[in-house]
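Note that the numbering runs from 1 along the sequence shown for the chain. Note that the coordinates shown come from a computational prediction; the quantities given were computed from them, not determined experimentally. Ligands are counted one by one from 1 in listed order, and the atoms in each one are counted from 1 as well.
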Amino acid sequence: MSHTPHFLHELVGSMSQGADGNPTVAMVEAAFRHHGLHWRYINLEVSPADLGTAVKGAKAMGFRGFNCSLPHKVSVIAHLDGLGESAAVMGAVNCVVRREDRLIGENTDGKGFLKSLESLIDPRGRSVVLFGAGGAARAIAVELGLAGVRHITIVNRSERRGAELVSLLRDRLRLDARLVVWGGEYAVPEGTDVVINGTSIGLYDPDARLAIDLDTLRPGMVAADVVFNPVRTRFLTEAASRGCRPLDGLGMLVNQGIVGIQYWTGIDPDAGVMRRALESAMGV
Ligand code: NDP
């Protein structure tokens, strides 16, 4: 006799600290509904001290997987059975997938960004400038490296964090990477194909500006932002006014959700349904 009654919903979770008001719940559940899946995606507030027990519990209860956000992205690794390629390189997990009876850690942030970018440009052989060296920038840089970009310049305020990321890219991915410590207005080098704000500058602040020499942004360049609230950041508006092709952070967020759903369910969810649900949950 099966131990799983067929009417039971499949469960996927989102483990974070302070889990209230997470707009991605509406996005993922809209996709489940749209595709007729009797699945639920639920918020689970987990303290750092309880993380190991929570992961064991999710496994014991047959969860198909879960997302995890700060402060669990690194510490969760000790409780998993294995890691996907990019999660192993960056040492951070935001998406756990049950494969047979093993919990495998993946990182969908960078993959979400890459999927968005690929809607505008093939990253192979491209030259990229990336502002930031925190979690989001790290995920993006590793995924771009695995996707075959030619060169990446990391521009970061803190030299230590920037240097760590550049060493990771050079040592683990053999990528042509260099660091510029950010001070004053950064001039984007000629020949750059993609400029990315991977910092939190602009989050909830439509007036915040990146210290960048706008005259060095050229028509046709892709200008991308990880910040998704506001959707149209000042950086994107200014870059678009110089003829750049803008890519907003909401696209990255939707696409990381798509990759997670693909991992958990095997289906290819409808991006439009997910984006509309996310916009409505965020009130944008
Ligand atoms: P971290 O705290 O790990 O990193 C923040 C980065 O921003 C660091 O490089 C930091 O530089 C830089 N930074 C912050 N303030 C300033 C400033 N005033 N001047 C210069 N540099 C600054 O954050 P995350 O990487 O986790 O998140 C960054 C952003 O990405 C957030 O807005 C988050 O919401 C967004 N995000 C979006 C996702 C999406 O799907 N669209 C997914 C994940 C994150 P330093 O090292 O010098 O401190």
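- Annotation: cation-pi pair Arg64/Tyr41 absent, no NZ/CZ under 6.0 Å from the ring centroid and within 45° of its normal.
- Heavy-atom proximity to Asp109, at under 4.0 Å, picks out these atoms of ligand 1: 42 (C).
- Using a 4.0 Å cut-off to heavy atoms of Gly132, the atoms of ligand 1 that qualify are 9 (O).
- Residue contacts with ligand 1, taken as heavy atom pairs separated by less than 4.0 Å, do not involve Leu250 at all.
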For a salt bridge (Lys or Arg N to Asp or Glu O under 4.0 Å) check, start with the C-alpha distance between Glu185 and Arg209, then their side-chain angles and the critical distance, and finish with the verdict. CA-CA 11 Å; Glu185 304 282 288; Arg209 69 174 293 271; 3.1 Å; yes
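- A donor-acceptor pair shorter than 3.5 Å can be found between the side chains of Asn255 and Ser116.
- Ligand 1 has at least one atom lying under 4.0 Å from a heavy atom of Ala133.
- Side-chain contact, Thr53 with Asp50: no donor N or O sits under 3.5 Å from an acceptor N or O.
- Which parts of ligand 1 touch Arg161 is read off a 4.0 Å heavy-atom cut-off, strictly below it: atoms 3 (O), 4 (O), 8 (C), 10 (C), 45 (P), 46 (O), 48 (O).
- The protein heavy-atom contact nearest to atom 14 (C) of ligand 1 is Ser200 OG, 3.4 Å.
- Among Arg157, Glu159, Arg138, the residue whose heavy atom lies nearest to atom 17 (C) of ligand 1 is Arg157.
- Comparing heavy-atom distances from atom 26 (O) of ligand 1 across Ser158, Ala136, Gly249, Ala92 singles out Ala136 as nearest.
- Here Val226 has heavy atoms under 4.0 Å from ligand 1 in both its backbone and its side chain.
- Near Leu253, meaning under 4.0 Å from one of its heavy atoms, ligand 1 places the atoms 40 (O), 41 (N).
- Residue Thr199 touches ligand 1 through backbone and side chain together, judged by heavy-atom distances below 4.0 Å.
- The shortest distance between side-chain heavy atoms of Arg245 and Ile121 falls below 4.5 Å.
- Scanning the protein heavy atoms around atom 11 (O) of ligand 1, the nearest turns out to be Asn156 OD1, 3.4 Å.
- Under the 4.0 Å distance rule, the nearest protein heavy atom to atom 33 (C) of ligand 1 falls outside the cut-off.
- Any N or O atom pair closer than 3.5 Å counts here, and Gly135 shares at least one such pair with ligand 1.
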